[in-house]
> 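A single structure is presented below for examination.
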Protein chains: 2
Amino acid sequence: MNRISKRQRAGAAGRGARRRAAFLAAAREAFLAKGYAAATLDDVVRRSGGSRATLYKQFGDKAGLFAAIIAELCAEMTAPLREAGERPQARAPRAALLAFATAFMRVMMAPASLALYRLVVAEAGRFPELGRAVYRAGPKVAAARLAAYLRAGAAAGAFTAGDADLRARHFLEMVKGDLHFRALIGLGPQPSRREVDRCVRAAVDSLLNGISARPPSRASARRRRRAAAARGAS
Amino acid sequence: MNRISKRQRAGAAGRGARRRAAFLAAAREAFLAKGYAAATLDDVVRRSGGSRATLYKQFGDKAGLFAAIIAELCAEMTAPLREAGERPQARAPRAALLAFATAFMRVMMAPASLALYRLVVAEAGRFPELGRAVYRAGPKVAAARLAAYLRAGAAAGAFTAGDADLRARHFLEMVKGDLHFRALIGLGPQPSRREVDRCVRAAVDSLLNGISARPPSRASARRRRRAAAARGAS
DNA sequence: CCAGAAGTGTACTTGATAGTACACTGTGCG
DNA sequence: CGCACAGTGTACTATCAAGTACACTTCTGG
């Protein structure tokens with residue numbers, strides 16, 4: 001299945017490159033679906049329509065093939081996160097955060113992302129590079145973008161002073177909520193768009209306004225500013 | 001399963017129970033350290049000091065042994081979460097939340113918890129029951145406890161109206177922050193107690209006060225109340 | 001102390017899978 | 001063309017681990 005037609009059009013990549021792509025596509029499916037240990041090269045070979053020998057020639061061994069997959073996935077993952085919520089400064093904070101969070105969730109909840117996440121968590125022990133690579137390509141990018149926005153907003157007076165990086169990470173975790181974890185372990189069906197939206201809105205609400213019944217007193221605001229300064233200094 | 005030894009001596013457990021305990025201890029180490037597929041029963045047998053035959057007699061097969069481990073771990077995990085932050089109503093919201101969050105983090109960041117988390121994420125596909133069991137024993141318990149507290153606080157006028165369950169889950173995710181994820185994939189050393197504390201404090205701050213520079217206007221407070229009511233009704 | 005249950009050690013079968021060897025075939029370029 | 005090389009298919013080895021069989025030993029309760 002999923003066999004790539006052998007005769008591609010003239011403009012297409014060379015024979016080697018075509019094979020390589022077919023291997024990668026098949027391997028991606030296999031690894032994402034079953035994990036590193038349970039995915040078999042036989043399976044990959046069968047699905048790719050190629051042959052064992054060629055696979056070994058191109059990737060060396062199983063780990064090499066795996067590394068190639070991961071590199072590809074990281075590259076793909078980074079793009080949408082970089083673009084998430086274009087030109088945030090042009091919008092009201094609430095709208096900007098909603099847009100960013102929604103884009104983030106779209107990426108995180110995609111089946112391929114969930115599978116990649118599972119893979120990383122399971123195999124980071126065996127492939128230390130893997131964890132670093134995915135972290136750099138995923139959460140770090142998103143958090144950095146959001147933190148930049150929060151810093152700009154704070155400078156413009158829209159937000160209170162505080163550690164923007166920490167807040168960004170907190171916000172993203174909140175947005176993920178436990179919807180992500182539940183999807184990860186296959187609890188119940190995929191959440192509907194409505195549910196995701198509800199979760200995102202609540203996260204934005206919490207981030208912007210908190211849940212205290214009274215607006216912070218002047219004294220507590222001073223306390224918070226001091227605490228923020230201390231954090232910044234350390 | 002869960003067979004009670006026929007001869008229960010007054011003080012010590014029977015022979016069977018002792019063996020069983022040794023198997024479980026060895027298997028726990030093996031599974032947590034290597035994951036389901038990579039852990040070998042040979043290894044378990046050697047470490048336990050027992051024999052292959054007895055292991056099979058007691059647990060049936062590898063999956064049976066695994067299930068037994070998980071049940072045990074779930075039971076152990078639930079206890080500290082249930083007790084986390086005793087008698088919260090007696091303290092100021094900030095202190096209560098800090099205490100709860102700190103206890104939560106102590107549980108979540110423990111090496112055994114991290115290993116269990118890895119295992120669950122990796123194997124939930126193969127063992128659907130596993131995901132449900134751990135979710136029930138872990139995050140669900142913590143969120144339920146916290147939600148109850150938030151509801152009580154809201155009733156007492158300390159917090160704004162809103163979906164307490166959602167808030168509780170959001171807060172816990174925030175507290176975990178990316179410290180948990182990074183520990184999970186072995187990025188850098190374990191965070192120091194100071195770092196965890198800083199993360200927890202910031203989360204509590206965000207939850208209570210939000211980051212908006214201006215306290216919510218009367219109009220926006222009304223809007224939020226309306227939204228909360230709509231959420232509650234749906 | 002004895003009988004039998006429970007546990008042990010070892011050797012075996014079976015099956016899966018990573019990786020290799022090699023002869024054959026299709027492809028593309030001069 | 002026709003040659004060289006990349007890719008294919010098949011068969012093979014080696015390894016490793018799950019699960020079984022069985023004769024032997026040790027513990028436990030009466």
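Reminder, nothing fancy here: chain letters follow the sequence lines and each chain counts from 1.
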> Let me know the distance between CZ of B:Phe59 and P of D:dG19, rounded to the nearest Å.
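The distance from CZ of B:Phe59 to P of D:dG19 comes to 14 Å, rounded to the nearest Å.
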
> What pairs with B:Tyr117 under ring-ring contact (aromatic ring centres under 6.0 Å, His included), at least two apart in sequence or on another chain?
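With neighbours one apart ignored, the set is A:Phe181, B:His180.
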
> Under the criterion side-chain contact (heavy atoms from CB on, under 4.5 Å), which of A:Leu32, A:Leu24, A:Val134 is the partner of A:Leu73?
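Testing A:Leu73 for a side-chain contact (heavy atoms from CB on, under 4.5 Å) against A:Leu32, A:Leu24, A:Val134 leaves exactly one candidate, A:Leu32.
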
> Would you please name every residue forming a side-chain contact (heavy atoms from CB on, under 4.5 Å) with A:Ala203, sequence neighbours left out?
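A:Phe171, A:Met174, A:Val175, B:His170.
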
> Reckon B:Arg15 has a side-chain N or O less than 4.0 Å from the OP1 or OP2 of C:dG4?
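False: B:Arg15 side-chain N/O out of range (4.0 Å or more) of C:dG4 OP1/OP2.
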
> For residues 182-202 of chain B, which residue pairs pass the ring-ring contact (aromatic ring centres under 6.0 Å, His included) check, not counting sequence neighbours?
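Listed by first then second residue: nothing to list.
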
> Who are the side-chain hydrogen bond (donor to acceptor under 3.5 Å, both in side chains) partners of B:Arg52, not counting sequence neighbours?
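side-chain hydrogen bond (donor to acceptor under 3.5 Å, both in side chains) check on B:Arg52 returns B:Asp42.
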
> What are the residues of residues 31-39 of chain B, sorted by number, that bring a heavy atom to within less than 4.0 Å of DNA chain C?
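DNA chain C contact set from residues 31-39 of chain B: none.
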
> What is the distance from NZ of B:Lys57 to C1' of D:dC22, rounded to the nearest Å?
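So the NZ-C1' distance, B:Lys57 to D:dC22, works out to 11 Å.
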
> When you get a sec, tell me which of C:dG7, D:dG7, D:dA18 is the closest nucleotide to the side chain of A:Arg19?
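Per side-chain heavy atoms of A:Arg19, the pick is D:dG7.
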
> With sequence neighbours excluded, what pairs up with A:Ala183 under the side-chain contact (heavy atoms from CB on, under 4.5 Å) test?
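For A:Ala183, the residues satisfying side-chain contact (heavy atoms from CB on, under 4.5 Å) (neighbours in sequence not counted) are A:Met109, A:Leu114, A:Gln190.
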
> Does B:Ala152 have any side-chain contact (heavy atoms from CB on, under 4.5 Å) partners at least two apart in sequence or in another chain, and if so, which?
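With neighbours one apart ignored, the set is B:Gln89.
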
> Rounding to an integer number of Å, can you tell me how far A:Phe23 CZ sits from D:dA6 P?
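Interatomic distance, CZ of A:Phe23 to P of D:dA6: 14 Å.
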
> Hey, is the side chain of A:Gln58 poking within less than 4.0 Å of OP1 or OP2 on D:dA6, counting only N and O atoms?
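So the side chain of A:Gln58 is outside the cut-off, no N or O lying under 4.0 Å from OP1 or OP2 of D:dA6.
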
> Could you list the residues that satisfy side-chain contact (heavy atoms from CB on, under 4.5 Å) with A:Ala63, not counting sequence neighbours?
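In terms of side-chain contact (heavy atoms from CB on, under 4.5 Å), with neighbours along the sequence ignored, A:Ala63 is linked to A:Tyr36, A:Asp61, A:Phe127.
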
> Residues from residues 40-56 of chain B sitting under 4.0 Å of DNA chain D, heavy atoms only?
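Listed by number, they are B:Thr40, B:Leu41, B:Arg52, B:Tyr56.
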
